[in-house]
Peer 1: 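Can you read through this structure? Questions will come right after.
For this chain, numbers begin at 1 and follow the sequence in order. The figures that follow rest on heavy atoms only: side chains count, while hydrogens, waters and symmetry mates do not.
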Amino acid sequence: MLNRRIAEDQAVIVGAGISGLTAAIALASRGLAVTVLERAAQPGGKMRTVPIGASQIDSGPTVFTMRWVFEELFAAANRNFSDHVKLRPLDVLARHAWDDSGHLDLFADEARSADAIGAFAGAAEAARFRQFCADARETYRRLERPFLRSAKPSLPGLIISSGWRGLLQLPKIRPFTTMWNALGDYFHDPRMRQLFGRYATYCGSSPYMAPATLMLVAHVEQEGVWVIEGGMHQLATALADCAIALGVQIRYEQEVREVTIAGGRANGVTLSSGEHMAASNVIVSADVTALGSGLFGADAARAAVPVKLNERSLSAVTWSLVARTSGFPLSRHNVFFSRDYAAEFDDIFNKGAVPDEPTVYVCAQDRADNEATLLRDDAEELLVLINAPAVGDRYPFGPAQVERYAERAFAVLQRCGLTVTHDPQATVATTPNDFHRMFPATGGALYGRASHGWTASFRRPGARTKIPGLYVAGGSTHPGPGVPMAALSGRSAAASLYDDLAEMRGWKQARDPATP
């Protein structure tokens, strides 16, 4: 039963992305009155779709992992996640290619992956893969509670969480070694090093500068990757529906102009229409740079430090399309590697340029593993993506440039044996300019601050800000980018808000067991 005595403590959440909706559910299930304000016409944030004829192409996040984050969230609201979101586990986690001579699959079954690697790169490499998996699993185990579930972790905190043993065990998670160097200890075949180095891009970072702790992503995927029936946007819809059922009011096409401050404390928001909404607490579920740059008002700007240009994470150039494919046998998730990985990241992070030969990701959205239910005329829905620098506020990505990038990307696919036949007029390209417009103040950076250097993970802001009553959530905050991480940040913001409110009001209630 909801606690009626706290319904007067209105919380306003800016943004109906995954973190904002998660925070709304967590707060409403504890009895708070919650209003979510979203400037778009639908929920989802970065979890967007692009219409191509009768198709809706998932054109944001495409990989779903760590389902337990959402199962815990729904359970705390007395609901069953599987009743609202239908998942299908993938057998093939991803298919990889370097040329047209073959491909390598990673499987949900570690033994099958080891066998595949053995056939592809030799038995010794397969044995090294097994050791890599064991170490990635141990890294995740050591970091889940003191880091992923912590409101604002620190390196001393990680050590203290394990007592004096933590200091002795610190080298095992390799925070001071770059991911690329650490991978060299595991894999002798450069293709394997390249394959697992790609996990750094999940955080919008370069494997040459990101810490080796990011190899825990390998364990996250090994624990399961799922396809959401109806597309990724169904997750956002389910979260919004759950929030509304709990009494949350979601107002779409409402742009927040300012977070208002009175007496040194957040006291509401002002909309672009001029309407002021009073609230005892505000959660900004947007990139922290937008807050720190003053896009929510000068008074609220001191709550966050903007990410500098040289600290930005990756952006992207994407193509959403319906096409016919031939040659390479697509699975759900496919990666086609460039021939010079070092040059690719040098182009992006040092030169601020789209790579001459990029690594290309293809999400074949009508496929699960090797099965395919294609559209009429054997066409299928695809998202094609290459990494790009976050310079959308500095460099115009005009039609000529986008055409040149398309030639580079589709040439990589052709080199690896995949032919994509499509109508350029029925293809929607999205550039860092577009991402910058959708997510202001970012330059198109899709992951907040890049995870470069051993301190990067501790430099992401936690949920609490310098301004009482003002909290932040989203992929640019702790614990980082990605669908489950954004959800964890929303839960952390809700837990921090509720704890602060309980302390201020003098409540004595049990903490929500589902909060981080």
Side-chain angles (χ1 to χ4, degrees), residues 9-24 26-27 32 34-37 45 147-154 157 256-270 276-308 311 439-442 445 447-449 455-481 485-505 515-516:
D9 289 300
Q10 169 84 349
V12 166
I13 298 175
V14 182
I18 298 304
S19 62
L21 293 171
T22 300
L27 289 174
L32 270 72
V34 181
T35 299
V36 178
L37 302 170
F147 183 80
L148 295 181
R149 291 180 179 265
S150 172
K152 189 65 176 78
S154 64
V256 173
R257 185 180 69 200
E258 181 182 11
V259 175
T260 56
I261 313 294
R265 180 181 178 84
N267 74 337
V269 299
T270 300
H276 182 262
M277 290 189 62
S280 56
N281 295 278
V282 176
I283 296 176
V284 175
S285 173
D287 197 288
V288 293
T289 294
L291 183 64
S293 298
L295 297 189
F296 293 99
D299 290 341
R302 63 185 179 87
V305 177
V307 174
K308 298 177 182 177
E311 297 174 330
F439 313 112
T442 65
Y447 312 86
R449 183 191 302 274
T455 63
S457 297
F458 305 110
R459 295 179 67 190
R460 290 182 180 273
R464 291 180 175 90
T465 72
K466 299 176 182 177
I467 299 175
L470 178 57
Y471 305 83
V472 291
S476 63
T477 68
H478 175 76
M485 300 302 187
L488 285 173
S489 79
R491 286 171 50 179
S492 180
S496 298
L497 187 160
Y498 186 85
D499 286 351
D500 292 347
L501 202 55
E503 182 178 354
M504 187 169 61
R505 298 284 190 266
T515 55

Peer 1: For residues Leu27 and Ile283, determine if any side-chain heavy atom of one lies less than 4.5 Å from a side-chain heavy atom of the other.
Peer 2: yes

Peer 1: What are the two closest heavy atoms between Pro468 and Gly264, and how far apart are they?
Peer 2: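 Scanning both residues completely, I find the closest heavy atoms to be CD-O, 3.2 Å.
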
Peer 1: Compute whether any side-chain donor of one residue and acceptor of the other, for Thr270 and Thr260, lie under 3.5 angstrom apart.
Peer 2: no

Peer 1: Out of the candidates Val36, Leu37, Val269, Leu21, only one should pair with Ile13 under the side-chain contact (heavy atoms from CB on, under 4.5 Å) rule; please name it.
Peer 2: Val36

Peer 1: Please check: side-chain N/O of Arg460 versus main-chain N/O of Pro479, any donor-acceptor pairing under 3.5 Å?
Peer 2: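 No: the side chain of Arg460 does not pair with the backbone of Pro479.
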
Peer 1: Does the side chain of Leu497 reach to within under 4.5 Å of the side chain of Leu32, using non-hydrogen atoms?
Peer 2: yes

Peer 1: Indicate every side-chain donor-acceptor pair of residues 288-304 with a distance under 3.5 Å to a residue at least two apart or in another chain.
Peer 2:
{"unit_1": "Thr289", "atom_1": "OG1", "unit_2": "Asp287", "atom_2": "OD1", "d": "3.4"}
{"unit_1": "Thr289", "atom_1": "OG1", "unit_2": "Val307", "atom_2": "N", "d": "2.9"}
{"unit_1": "Ser293", "atom_1": "OG", "unit_2": "Thr289", "atom_2": "O", "d": "2.7"}

Peer 1: Judged by modelled atom types alone, do His478 and Ser492 share a side-chain donor-acceptor pair under 3.5 Å?
Peer 2: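 His478 vs Ser492: no donor-acceptor pair found between side chains.
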
Peer 1: Would you name the heavy atoms of Ser489 and Thr477 that are closest together and state the gap between them?
Peer 2: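 Heavy atoms only, the tightest pair is CB-OG1, 3.5 Å.
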
Peer 1: Has the side chain of Ser496 got a donor or acceptor atom that lies under 3.5 Å from a matching backbone atom of Ala493?
Peer 2: no

Peer 1: Check whether any side-chain heavy atom of Val259 lies under 4.5 Å from a side-chain heavy atom of Ile467, and answer yes or no.
Peer 2: no

Peer 1: Just how far is it from atom CZ of Arg464 to atom CG of Leu470, taken to the nearest 0.5 Å?
Peer 2: 12.5 Å

Peer 1: What is the minimum heavy-atom distance between Asn267 and Ala262, and which atoms define it?
Peer 2: ND2-CB, 3.4 Å

Peer 1: Within the side chain of Ser19, is there an N or O that forms a donor-acceptor pair under 3.5 Å with the backbone of Ala486?
Peer 2: no

